[in-house]
Structure formats: C-alpha cells, structure tokens
Amino acid sequence: MSAVVLDHIQKWYGKEKTIALKEVSLEVEEGELFGLIGPDGAGKSSIFRILTTLILPDGGKASVLGKDVVDAYKFIRESVGYMPGRFSLYQDLTVEENLHFFATVFGTTIEENYDLIKDIYVFLEPFKHRPAGKLSGGMKQKLALCCALIHQPKVLFLDEPTTGVDPVSRKEFWDMLKRLKSKNITVLVSTPYMDEAGMCDRVALIHQGKILAIDSPEGISKAYPFDLYEVKSDKISVTLNQLRKHISVKSCYSFGDVLHVSFEKGFTAINEVLDAITIDHLEVKKIEAGVEDSFMAYMTN
Amino acid sequence: MRTVRYLLVKEFKQIFRNRSILAMIVVLPVMQLIVMPLAADYEVKNINLIIVDQDRSSKSEDLRTEAISSGYFTLVDYGSDYKSAIQLLDKDKADLILEIPNGFEKRLIKENSAQVLIAVNAINGVKANLGSAYLNNIINRYNEQIKISQSGSETSALIAKLDMVPKNRFNVYMNYRWFMVPGILAILVTMVGGFLTALNIVKEKEIGTIEQINVTPIKRRHFILGKLLPFWILGLFVFSVGMLVSYLVYGIVPSGSLLVLYVYVAIYLLAVLGLGLLVSTYSDTQQQAMFIMFFFMMVFILMGGLFTPIESMPDWAIVVSKFNPMSYFIQVMRMVILKGSSFVHIQSQLFITALFGIVLNFWAIMNYSKRN
C-alpha cells in the first residue's frame with residue numbers, strides 16, 4: 001500500500017484564483033524517503049499543507065496511510081508528524097519543555113518514545129534548558145524534528161528542513177533521515193537544493209504547481225536529453241552570452257564558476273563552437289548531467 | 001483534561017517569562033490608579049485671569065480682591081488697557097478677561113446697577129466654561145454684598161435670601177476620586193484582559209506555532225479553553241490588585257459586598273476575553289490585532305460613561321453605549337462600591353454582560369477554524 005497518494009490535486013488561492021497546484025499526482029511507497037524538489041513558489045508547501053489537513057484541496061483526492069485527508073483528518077493528525085518550513089516551536093520555552101509539550105499534546109511521554117529520538121536528542125541534550133529561540137539554526141531544526149517524531153508518526157512531512165542551515169548540519173540532518181528510514185517511517189521531504197536530491201530514494205521535480213518528473217535521482221539524471229559539456233572561463237559572463245547566441249548551443253547555464261553547455265546528442269563540432277568565442281583559455285570537458293541539469297531541461301520544455 | 005492542564009502550565013510559563021506582560025499586569029494597574037485619578041480632576045484651578053480695571057475705584061478694587069481670593073484664578077495682568085489684554089488672550093497667555101468699565105463705582109452708587117464684561121478664551125472648553133461660571137458666581141456674591149451694605153445693616157434682615165444647601169447622597173463630600181477610581185479600574189481590567197488575549201493568540205499565528213498545534217489532535221475547545229483560562233485568572237488578579245490599591249491609596253471600601261463585585265467581574269471577563277478571542281480570529285498579525293482592539297477600547301472608554309455621563313449623550317450615542325460592555329461594568333462598579341447595591345440591583349447588568357460573553361465567545365469559536 002502507498003503511504004501517501006495524491007490524485008489530480010488542485011489548489012488555487014485568493015480571489016484571482018492564482019493556481020498553486022495543477023492536477024498533481026504522485027505516490028509515495030511505505031518506508032520510502034521521497035523528495036519534492038523545486039524552487040520557491042513551486043507549490044511544495046501547498047502539497048504539505050493539504051496532506052497535513054491544514055488546507056483543503058480545490059480538486060482531486062489525497063490520502064495518507066489509505067485514509068482520505070478531508071474525511072479522516074482526525075486520524076491523520078494523530079498519525080503523521082509535520083515540520084513546517086518556518087521554525088514554529090515556542091521560542092520562549094526551553095528545548096525540554098517544547099518536547100514535553102508536544103509529547104503531552106499527542107498523549108504520550110518523552111520516555112515512551114525516547115528510542116526514536118535518541119540519536120537526534122543527544123545533540124540537544126547539552127542545551128536542554130536553553131530557550132528554543134536561542135538555539136542555532138541547525139539545533140532548531142533538530143529540535144523541530146524531535147518534536148515531529150515524539151509521537152512515533154508513521155509518515156513524516158518535512159517542509160524545507162534544510163533551508164537556511166549550514167552545510168555540516170545539512171549533512172547531519174540527511175543522515176538522520178536515512179536512519180529514520182530504517183525504522184520504517186515514510187518520509188516526504190521538500191527542498192529547493194538540487195544537490196540534496198541524491199539523498200532521496202525517489203524525487204518529484206515540481207515547478208509552478210506542476211510535476212515535471214518523478215523518478216529515482218539516477219533516473220532523473222539519465223533522462224537528460226542532450227550532451228552536456230562543462231566550460232571553464234576567466235570571463236564567465238561574456239562567454240555565457242556568446243555561447244547562448246550560438247546556433248548549435250541548446251542551453252547554457254552558469255553553475256557556480258563553471259558553465260554547463262548542452263548540445264544535440266551526438267554533436268561533434270564542439271571545437272568549431274569554441275573557436276567562435278572571443279575569450280581565450282577555455283577548458284572544456286564532457287560531463288554527466290545532474291538533477292539540476294535535468295530540472296533546467298524540463299523547465300524550458 | 002490532561003491536555004488542558006498542560007496547556008495552562010505552558011501558558012503560565014510563557015507569561016511569567018515575558019517581562020513586559022508581567023509589568024503590564026502588575027505595574028500598570030498600580031501606576032495608573034495612582035496617577036490617573038490625580039490628573040483626571042474635574043475641578044479646574046489656575047485659570048489665568050486678566051483684570052482690566054478702567055475704574056480704579058474702591059469698588060473695583062473690592063471685586064478684584066474677591067476674584068483673586070477665590071483660589072481658582074491666577075492674575076496674569078492687572079491693567080487698564082483692554083487691547084493689550086486681548087492680545088495676551090490671543091497668545092493663549094490668559095483664559096479670561098474681566099473688564100471693569102470706567103464709572104463702574106459711580107454707576108453702582110447712582111443707578112444701583114453696573115456692567116462688567118467677561119471675555120473668554122474658548123479653546124479649552126472646560127476651562128472656559130468653568131472659569132466663566134466661577135467668575136459669575138464671584139460677581140453674584142459680590143452683588144449680594146453690595147446690596148446688603150447699601151441697604152444698611154438694620155434692613156438687611158428684611159431682604160429675603162434663598163440659600164440652597166445640596167446634600168450629596170452616596171458620596172457625601174463629592175469626592176471625585178470615589179467615582180473616578182472604580183471607573184478607571186474598570187478600564188484597566190478591560191484593557192489587560194482584552195489586549196492580552198487577542199495578542200497572545202495572534203502571536204501564535206505570527207510565529208507559526210498555531211500551524212504546529214493545528215496538526216496535532218488537540219481539540220478546538222481545549223485549545224481555546226487553554227487560552228482563555230490564564231487570562232481570566234490574570235484579569236481577576238489585576239482586579240484584586242486594583243481594589244487593593246484603591247483601598248490603600250484612596251481608602252475606598254466598597255459599600256456593597258465583594259462577592260457581588262467578584263461574581264460580576266468573573267462574568268464580565270468572559271465577555272472581554274471573548275472579544276479578544278474574536279479579534280484574534282480576524283487578524284493575522286499582532287499589529288492588526290492591536291489596532292482593532294485599540295479602536296474598540298477608545299469607543300468603550302469615551303462612550304462608557306466614565307468621563308461624560310451617558311444620559312447627556314445624543315440619542316444615537318446612547319444606543320451605541322448599550323452595546324458597550326464597559327459601560328455596564330462602570331455602572332456596576334459605582335453601584336456596588338458607592339451605593340452598596342446587591343445582586344438584585346445589578347441583575348439587568350449581570351444578565352446583559354453574560355449575554356455579551358455568550359455571543360462573543362460563540363462567534364469567536366465558530367470563526368476559529370483549524371484549517372482554511
């Protein structure tokens with residue numbers, strides 16, 4: 001049985017009926033670590049808010065653990081954990097008090113489920129008498145995860161848990177999620193960072209309320225329809241502009257301090273293209289496409 | 001029940017960690033009750049008076065002494081030029097001008113009557129009104145004296161004199177503090193209860209904690225109960241502090257029973273908390289909630305009958321004040337504290353306040369939904 005099912009879900013906001021989700025359909029298997037990848041405003045949070053019974057969909061059906069999100073909201077509220085995109089614990093309560101509060105609210109105790117949060121809580125233990133508002137970004141996220149886990153949910157919804165968190169804490173956080181998988185908790189996580197897609201079992205690329213693709217990260221990369229080259233240059237913006245104007249170039253984007261340039265599959269006249277560029281000392285090599293390259297390709301199609 | 005208890009524990013922890021709220025519920029009532037009644041004095045003193053004396057006679061001198069010795073006026077200038085006096089009035093240096101015209105004494109003796117002129121600076125309405133009334137009184141009294149002295153001591157007994165002696169019931173010395181302090185306390189309890197409730201819930205919205213609460217199995221009624229109870233207790237606490245301050249500072253002891261007061265306040269607070277809750281369901285930020293509450297508070301205070309009697313308002317305002325819960329509270333406070341009214345006398349106020357409580361809370365709970 002799929003843990004989470006979205007079936008042609010629609011959502012629009014406001015009087016202008018701005019579309020947030022356009023017939024979104026996806027299924028998350030039990031025990032899967034599933035990623036929703038997309039830029040800000042893609043509709044990731046709307047999906048989470050529908051699945052956690054905070055908002056009603058305007059069309060389509062959604063279910064969590066086989067129960068409809070609209071009819072069985074009471075069941076869902078008891079059996080899922082949700083970590084909103086914004087840190088939303090009580091800043092003026094201490095780490096321990098927050099945890100205790102959420103345990104009580106779900107009718108359980110910290111001791112009862114300590115096993116599940118033990119690995120994460122060890123990081124927090126030294127700060128347990130500190131107000132939550134005074135924690136660092138990474139610690140806040142760990143506390144929020146603890147609070148979302150304290151009632152042993154079967155499905156965990158994490159809305160951009162790593163946004164605004166330093167790279168080390170991000171890494172730690174993903175390791176924790178992998179460990180949760182081994183405890184048979186289904187995790188649906190969203191992130192705007194494409195490089196995090198590789199941590200998931202499967203991902204859905206989402207843009208402007210539409211699903212572009214659902215596959216494993218490897219599958220997504222493999223589906224890249226062009227040949228991809230990496231170009232290094234001293235004058236990156238001039239090179240970018242000239243490459244973009246070239247007729248054979250399918251697309252050209254800057255990735256940090258390098259350019260990713262794509263051509264039709266099997267294109268061989270790459271040297272001729274480079275000769276047309278007025279910048280000297282270009283370093284070129286053929287590379288495998290990543291999730292981000294695929295995302296860009298899907299977006300422009 | 002365990003959930004409600006823990007919600008209460010959590011709420012009180014947060015309140016006691018928030019210094020500004022603590023200050024608001026302890027210092028605010030004490031300070032305001034000590035300071036405000038002193039400032040909100042109905043008696044007007046230090047009215048700046050100019051006397052333009054063009055007569056310079058013994059009679060005009062008498063009138064001058066009479067006016068100054070009353071204690072209400074400060075003599076800014078004593079001259080004989082009306083124009084320069086008017087200039088001072090224009091510059092707001094003076095509130096009143098008393099002009100004693102040339103030939104005042106002569107005419108008074110010859111024709112048995114004379115005229116004086118009073119010019120009033122009406123920018124400050126209260127000061128102008130009371131000042132000219134005081135001055136009129138003084139002139140009248142002076143009149144009496146002249147009549148008596150002119151008619152001679154042997155005939156003075158024959159002049160009929162009607163003297164009124166008012167007897168003030170319930171507040172024998174007409175001590176304005178006795179009716180101001182209970183009214184101000186009513187405002188304080190309303191402000192603390194209303195503002196704290198509204199801001200507290202909106203704060204949860206603003207910080208996003210309500211989102212986290214909404215995905216938990218907490219029941220709506222438990223959550224709301226957990227929000228209202230702490231502020232109900234705090235409201236009663238503020239009221240008790242206020243009563244203590246009025247006793248210690250002003251020696252105000254209710255003529256009626258404390259039980260009647262507390263029963264009323266307990267019900268009144270439900271109405272105020274209901275309003276706070278309602279406002280919080282309609283606002284998304286603390287700023288919005290603050291402004292909406294402020295709007296209501298201004299109307300409540302100005303149309304509550306504390307500063308101006310409701311009976312003298314225009315008809316539409318009287319209708320509006322019927323929907324002002326604070327006006328009932330102020331009535332009850334004065335009735336119980338000054339008059340010693342019991343449950344029988346305040347039953348209509350009690351009933352209407354309870355109705356407010358039921359309607360506001362019901363409306364608020366209906367409007368508070370865990371999802372949209």
Side-chain angles (χ1 to χ4, degrees), chain A residues 11 13-14 45 48-58 64 69-70 73-94 96-109 131-134 140 143-144 147-148 150-151 153 155-157 159, chain B residues 1-25 196 199-227 229-231 234 280-281 284-286 367-372:
Chain A
K11 181 73 198 172
Y13 292 112
S45 294
F48 279 114
R49 291 165 62 82
I50 286 170
L51 290 173
T52 50
T53 76
L54 284 170
I55 54 174
L56 297 169
D58 293 315
V64 175
V69 290
V70 180
Y73 67 94
K74 278 190 182 154
F75 168 82
I76 291 171
R77 282 177 187 166
E78 271 168 34
S79 38
V80 306
Y82 173 48
M83 190 174 145
R86 203 154 54 116
F87 180 70
S88 31
L89 299 176
Y90 292 101
Q91 317 242 7
D92 41 3
L93 294 184
T94 66
E96 205 175 26
E97 283 164 350
N98 265 299
L99 202 54
H100 187 57
F101 176 72
F102 283 99
T104 315
V105 159
F106 281 99
T108 177
T109 58
K134 298 223 164 90
K140 275 184 185 166
L143 175 59
C147 289
I150 194 63
H151 60 291
V155 185
L156 197 55
F157 295 107
D159 193 1
Chain B
M1 233 35 246
R2 201 167 90 98
T3 323
V4 175
R5 209 185 63 211
Y6 199 71
L7 280 170
L8 287 183
V9 171
K10 172 221 141 207
E11 216 57 64
F12 274 113
K13 265 183 193 162
Q14 288 183 299
I15 290 166
F16 287 122
R17 266 172 216 177
N18 191 333
R19 276 163 196 279
S20 55
I21 287 189
L22 270 187
M24 202 167 150
I25 55 181
L196 286 185
L199 291 184
N200 183 282
I201 299 174
V202 177
K203 187 180 161 203
E204 295 234 4
K205 274 194 196 176
E206 225 174 48
I207 295 182
T209 41
I210 205 145
E211 190 109 302
Q212 196 92 59
I213 292 286
N214 283 351
V215 294
T216 66
I218 288 189
K219 291 196 174 60
R220 186 162 70 172
R221 58 173 189 276
H222 287 164
F223 179 73
I224 288 178
L225 203 60
K227 282 288 174 201
L229 266 179
F231 296 110
L234 283 185
S280 76
T281 62
D284 294 316
T285 64
Q286 294 190 59
N367 203 43
Y368 171 87
S369 67
K370 280 179 86 172
R371 63 163 133 192
N372 32 4

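Within every chain, numbering begins at 1; the chains are lettered A, B, ... in the order of the sequence lines, protein sequences first and strands thereafter.
- Contacts of Phe102(A) with chain B are made by side-chain atoms alone, with heavy-atom separations under 4.5 Å and no backbone atom involved.
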Hey, mind stepping through Phe101(A) and Leu7(B) against side-chain contact (heavy atoms from CB on, under 4.5 Å) and telling me if it holds?
CA-CA 8 Å; Phe101(A) 176 72; Leu7(B) 280 170; 3.7 Å; yes
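- Atom-to-atom distance recorded for Arg86(A):CZ and Thr209(B):OG1 is 8.5 Å, nearest 0.5 angstrom.
- For Lys140(A), there are no salt bridge (Lys or Arg N to Asp or Glu O under 4.0 Å) partners two or more places apart in sequence or in a different chain.
- The minimum heavy-atom distance between Gln91(A) and Ile207(B), with the atom names listed, is NE2-CG2, 4.1 Å.
- For chain B, no part of Ser79(A) is nearby; none of its heavy atoms comes within less than 4.5 Å.
- In this structure, CG in Asn98(A) is found 9.0 Å from CD in Gln212(B), a value given to the nearest 0.5 Å.
- When each of Glu97(A), Glu78(A), Lys74(A) is checked for heavy-atom pairs under 4.5 Å with chain B, Glu97(A) comes out on top.
- Heavy atoms only, all atoms of each residue included: Leu93(A) and Lys10(B) are closest at CD1-CG, 3.7 Å.
- With rounding to the nearest 0.5 Å, the separation of OG1 in Thr104(A) from CD1 in Ile218(B) is 9.5 Å.
- Residues Gly208(B) and Ser88(A) share a closest heavy-atom pair of O-CB, 3.1 Å.
- Residues of residues 13-25 of chain B that come within less than 4.5 angstrom of chain A, heavy atom to heavy atom, are Lys13(B), Gln14(B), Arg17(B) in numerical order.
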